[in-house]
Amino acid sequence: MKAAMIDRTGGPDVLRIGQIDEPETGPDDIRIRVAAAAVNPVDLKTRSGFLPIGLSFPTVLGWDVAGVISETGSSVTGFAPGDRVVGMIAQPVRGHGTYAESVTAPASLFAPAPTGIPLTDSAALPLAGLTALQLLDKLALPDGSAVLVTGAAGAVGRIVVQLLRSGGHDVDGLARASDAGELPLLGAGRMFTTVAGLPEASYAAVVDTAGIAASIRSVRDGGRFIAIDDNEQPAATRGITPRKSYVAESGEQLAVLTAAVSDKQLDVAVGRRYPLEEAATAHKDFGAGGMRGKVLLIP
Ligand SMILES: NC(=O)c1ccc[n+]([C@@H]2O[C@H](COP(=O)([O-])OP(=O)(O)OC[C@H]3O[C@@H](n4cnc5c(N)ncnc54)[C@H](OP(=O)(O)O)[C@@H]3O)[C@@H](O)[C@H]2O)c1
């Protein structure tokens, strides 16, 4: 099958299109015909060698996928050929990723695709959605908390804002000035564009998706700070112990998110679509920053 892979780490041009054998469908696996894979920052960090991961080359990149089941393993229940699904696979752990015509992985990593949006667009949901859901689970905020989200218009940030709002919390966002039109649509209240402009010691929690450690100054004494970026954490201060959250595979939690999209409680944003053959260009464009909505690769 056709796939976008790397033979070494480096710039976007190390991504090449080639053929790889499809893996066997094990008893617990499903095989899907890929409608779209999404590009995530982790793919760029894996490709560039920024992340200290032992890769065996050639490696097919990609965590997010949406597609149609073509085969189910002998032990799989709950899914059947023809079902439309989305999934997130931890590519460095599983080996080959989702930038391919076909993906084979445990059925437990998949959920029914949301209804009401194109199947391709639903590839934008899994990694960003699971990251948002899981970090909010870890935060375990009291009802009606005031929360600041940095990178509020980014892939994870915009889902965090929406989940917080639907949970009844008050949300402000730190984002680029150019995101001023988008934040109110997500349900954010006040918007800030600089750390210097943030209110001091005001929020029950800061969710830092943009890697802005200094935003901890906005957490009130004894409050919560959680980050997902690779940047260094701020030091513990004023009774605040900074935490990090790392996304984990879960078809079960993904089903909660796909249901929210189907119910129009959660909106996913797609930026640009590229043919799989243009994966290197997609990485180049995404890596330049400033893009809003997920980048999709269409095989
Ligand atoms: N720990 C985990 O499990 C996990 C999971 C998912 C993602 N991540 C990491 O979390 C980070 C965010 O991921 P993502 O997918 O949400 O990325 P994204 O879509 O690029 O979102 C990041 C957002 O933050 C904004 N931003 C960055 N610096 C800013 C600043 N100084 N002021 C205002 N806005 C700023 C970006 O704007 P511009 O584009 O204009 O710079 C962008 O809108 C990445 O580093 C990613 O690798 C970690």
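Reckoned from all heavy atoms, side chains included, excluding hydrogens, waters and symmetry mates. In listed order, ligands and their atoms are each counted from 1.
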Is it true that A128 lies under 4.0 Å from ligand 1, counting heavy atoms only?
no
A student checking ligand 1 against V247 at a 4.0 Å heavy-atom cut-off should list atoms 2 (C), 3 (O)
Which option wins on minimum heavy-atom distance to atom 14 (P) of ligand 1: L127, V156, N40, T150?
V156
In terms of side-chain geometry, is the basic nitrogen of E182 or R158 positioned less than 4.0 Å from the acidic oxygen of its partner?
yes
Please lay out, stage by stage, how I20 and M5 fare under the test side chain to side chain contact (heavy atoms under 4.5 Å, CB included).
CA-CA 9 Å; I20 55 160; M5 60 192 82; 3.5 Å; yes
Looking only at protein heavy atoms, what sits closest to atom 1 (N) of ligand 1 is S245 O, 2.8 Å
Out of all atoms in ligand 1, which are within 4.0 Å of some heavy atom of T209? Include the element for each.
10 (O), 11 (C), 12 (C)
Do ligand 1 and D230 have nitrogen or oxygen atoms that lie under 3.5 Å from each other?
no
Can you pull out the closest protein heavy atom to atom 17 (O) of ligand 1? Residue, atom name and distance to 0.1 Å, please.
P41 CG, 3.7 Å
Give the numbers and elements of all ligand 1 atoms closer than 4.0 Å to a heavy atom of Y246.
1 (N), 2 (C), 3 (O)
Should you measure from each heavy atom of D229, which atoms of ligand 1 turn up under 4.0 Å away?
11 (C), 44 (C), 45 (O)
Thinking salt bridges, do D13 and K284 make one under a 4.0 Å N-O criterion?
yes
Closest to atom 7 (C) of ligand 1 (heavy atoms only, candidates I159, D179, L174, I228) is I228
When distances are taken from atom 37 (O) of ligand 1, the protein heavy atom at minimum range is R292 NH2, 3.1 Å
Just which atoms of ligand 1 are under 4.0 Å from any heavy atom in T131?
5 (C), 6 (C)
Ligand 1 to G290, heavy atom cutoff 4.0 Å, flagged ligand atoms 38 (P), 39 (O), 40 (O)
Would you mind listing which atoms of ligand 1 come within a distance below 4.0 Å of any non-hydrogen atom of G151?
23 (C), 24 (O), 25 (C)
State the atoms of ligand 1, each with its element, that fall below the 4.0 Å cut-off from a heavy-atom position in A155.
15 (O), 16 (O), 18 (P), 19 (O), 21 (O)
Between CE of M1 and CD of Q19, what distance do you get to the nearest 0.5 Å?
9.0 Å
Compute whether any side-chain donor of one residue and acceptor of the other, for S262 and T115, lie under 3.5 angstrom apart.
yes
In terms of side-chain geometry, is the basic nitrogen of D208 or R243 positioned less than 4.0 Å from the acidic oxygen of its partner?
no
When you check the side-chain N and O atoms of Q265 and S166, is any donor under 3.5 Å from an acceptor?
no
Among all protein heavy atoms in this structure, tell me which lies nearest to atom 47 (O) of ligand 1, with the distance rounded to 0.1 Å.
K45 NZ, 2.6 Å
